[in-house]
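Here's the structure, in structure tokens; my notes come after.
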Amino acid sequence: MTRPTFTWNKSSATHFHTDAVLQAAWDQLNCQRGSLPFLDASAISAALSNFGNGREIVLTGYLREQIVAIFILSKIGRLQWATFQPSQLPLGAWVGAAQVDLYDLVHSLMRGPLGFCLAVSVTQIDPLYTPRSITEPHSDARQSSDYRIDDYISTASIDIKGSFEEYWAARGKNLRQNLRKQRNKLTADGVVATMNKLTDAAAMAQVLARYGALESAGWKADRGTAIHPNNAQGRFYLSLFELAGKRGEALVYEYLLNDRTVAINLGLLRAGQLIVLKTAYDESIKTLSPAFLLREEELQAFFGEGHVQRIEYYGKVMDWHTKLTQETRTLYHLTVYRWAWLQAWLTRRQAKAKIAQATAVQTSVSEPAVNSTPVATELH
């Protein structure tokens, strides 16, 4: 099988936010693989501005003079590259035409514009838009196994079909009873529960400030990862949601008890698909589940109004996800190596490291703790 011949243009990512032509090409390609709002050029620009180190590069791929792919890459060590991947982006920063093969693109990058390197990784790939089948071996050209695919996380989704009553009846009995008891208690205590929907760009700054206040009062404050207007997270999400609001794609739900904000979901809505990016709730409330109370009311609205046909969570499946849905899929990473033997050697090295770690854990059960350092599989 003959691989397509791509040509590449390499530039600094510091110019991405000012290159209107490049951004337009990026958005056109994004439309071919899901049209995900957090992968819009404006979102990527905001991520680079707030989380980049200034050394990221943009690789624009051409096939027969047409732009068919764009990657934003960061260097790892001296001889590896990977897609730009701040934690705020659910998927790696690349876009590609629907008909091109991701393996072929990365193989071409490896042998072309990056100079001498040993590995290129595309991180957090969604099989819904880039199925594993296009990167699994299916020709003699790939029997050399110069690549590997690694699972990342399982993520959950909900298809909004039928009626809310049918959907809710299929949920667990304990969930339904617990939430009913919580609502009855709120009524008995004279507490007024309200859900507000916010979509306007002008409302985003204030609701993000309230969201940050919820995070800052919880466990994220200890880690320094809470949203704040003056930190990189706050600036990124404000830019993302204000621009989404101007496009009519911001969808934020806020849950209040007696006018006190107790839970907020931050989402982006496009073409009937809601992507829930972040959730925060008041962790000081121990007798209620504010986040679940909010989710129940949201779902009632989605089934009743029809503007949301699918919900994507794009986070690691947690216990609460499984109470709402059984629909999951696994995101993955693709790494292409310069040589097949290098991939095989690293795979063996990683397997030995896992065995050593497992042995150390077993030993620590019966012996005093012993310092152990996992064997890294990165290339240096």
Side-chain angles (χ1 to χ4, degrees), residues 34 36-37 90 126-129 153-199 211 214 249-331:
L36 300 169
D126 189 345
L128 187 64
Y129 305 113
I153 59 170
S154 292
T155 184
S157 62
I158 301 175
D159 285 320
I160 307 299
K161 297 178 180 177
S163 68
F164 174 75
E165 290 72 24
E166 292 170 332
Y167 165 80
W168 200 242
R171 302 306 101 212
K173 181 180 178 180
N174 287 343
L175 173 66
R176 291 182 281 118
Q177 286 184 342
N178 286 340
L179 291 180
R180 184 166 60 249
K181 288 178 181 178
Q182 290 180 33
R183 294 194 184 280
N184 290 340
K185 177 175 173 51
L186 290 173
T187 301
D189 292 344
V191 177
V192 178
T194 307
M195 183 179 76
N196 292 335
K197 180 171 76 171
L198 301 98
T199 59
Y211 183 96
L214 288 176
E249 294 181 342
L251 187 56
V252 176
Y253 284 94
E254 182 175 19
Y255 198 66
L256 302 95
L257 300 179
N258 284 348
D259 297 325
R260 170 190 169 190
T261 298
V262 295
I264 297 176
N265 277 344
L266 303 178
L268 300 174
L269 177 65
R270 175 176 292 175
Q273 177 169 269
L274 174 66
I275 296 171
V276 180
L277 290 181
K278 290 181 75 67
T279 299
Y281 62 94
D282 189 335
E283 296 177 24
S284 70
I285 300 176
K286 305 301 182 183
T287 58
L288 299 170
S289 302
F292 257 113
L293 290 168
L294 171 57
R295 290 177 188 123
E296 182 186 2
E297 285 206 28
E298 281 182 332
L299 285 162
Q300 284 181 305
F302 299 156
F303 277 92
E305 298 170 8
H307 62 299
V308 174
Q309 287 90 50
R310 182 179 175 85
I311 306 170
E312 286 285 359
Y313 289 105
Y314 276 120
K316 183 179 180 180
V317 172
M318 309 294 283
D319 180 65
W320 68 263
H321 289 108
T322 64
K323 290 178 169 60
L324 297 177
T325 181
Q326 298 301 313
E327 299 171 25
T328 64
R329 64 186 184 279
T330 301
L331 308 184

Any residue meeting salt bridge (Lys or Arg N to Asp or Glu O under 4.0 Å) with E297, in chain and number order, not counting sequence neighbours: R183
Partners passing side chain to side chain donor-acceptor pair (under 3.5 Å) against E165 (at least two apart in sequence or in another chain): none
Rounded distance (nearest 0.5 Å) linking atom NE2 of H321 with atom OH of Y313: 6.5 Å
For the student: nearest non-hydrogen atoms of P37 and L268, plus distance: CG-CB, 3.8 Å
Any side-chain heavy-atom pair of L299 and L324 under 4.5 Å: yes
Over all atoms of both residues, closest heavy-atom pair of S289 and Q182: N-OE1, 2.8 Å
Side-chain (R270) to main-chain (E249) donor-acceptor, under 3.5 angstrom: no
L269 side chain reached by T199 side chain, heavy atoms, under 4.5 Å: no
Shortest non-hydrogen separation from I285 to P290 and the atoms involved: CD1-CG, 4.1 Å
Rounded distance (nearest 0.5 Å) linking atom CZ of F292 with atom OH of Y281: 10.5 Å
Separation of E296 CD from Y255 OH (nearest 0.5 Å): 8.0 Å
Separation between CG of L288 and CG of N178, rounded to the nearest 0.5 Å: 11.0 Å
Chi angles and distances behind the side-chain contact (heavy atoms from CB on, under 4.5 Å) call for Y314, L277: CA-CA 7 Å; Y314 276 120; L277 290 181; 5.8 Å; no
Residue pair L274, F302: steps toward the side-chain contact (heavy atoms from CB on, under 4.5 Å) verdict: CA-CA 10 Å; L274 174 66; F302 299 156; 3.5 Å; yes
Trace of the side-chain contact (heavy atoms from CB on, under 4.5 Å) decision for L257 with L293: CA-CA 11 Å; L257 300 179; L293 290 168; 5.6 Å; no
Pairs touching residues 258-269 that satisfy side-chain hydrogen bond (donor to acceptor under 3.5 Å, both in side chains), sequence neighbours left out: E254-T261, R260-D282, R260-S284, N265-T279, N265-E298
Partners passing side chain to side chain donor-acceptor pair (under 3.5 Å) against Y167 (at least two apart in sequence or in another chain): none
For Y129 against G34, the heavy-atom pair lying closest together: CE2-CA, 3.3 Å
Any L331 side-chain heavy atom under 4.5 Å of P127 side chain: yes
Salt bridge (charged side-chain N to carboxylate O under 4.0 Å, His left out) contacts touching residues 301-327 (sequence neighbours left out): D159-R310, K197-E305, R310-E312, E312-R329, D319-K323
Sub-4.5 Å side-chain heavy-atom contact between Q273 and L36: yes
Intermediate values then yes/no, side-chain contact (heavy atoms from CB on, under 4.5 Å), W168 and Q300: CA-CA 9 Å; W168 200 242; Q300 284 181 305; over 6 Å; no
N/O donor-acceptor pair under 3.5 Å between D189 side chain and V191 backbone: no
Smallest separation among heavy atoms of A156 and T325, with atom names: CB-CG2, 3.9 Å
Residue list, side chain to side chain donor-acceptor pair (under 3.5 Å) with R295, at least two apart or on another chain: none
Atom pair CG/CG of L294 and L256 - distance to nearest 0.5 Å: 9.5 Å
Where S163 and F303 come nearest, the two heavy atoms and their spacing: C-CD2, 3.5 Å
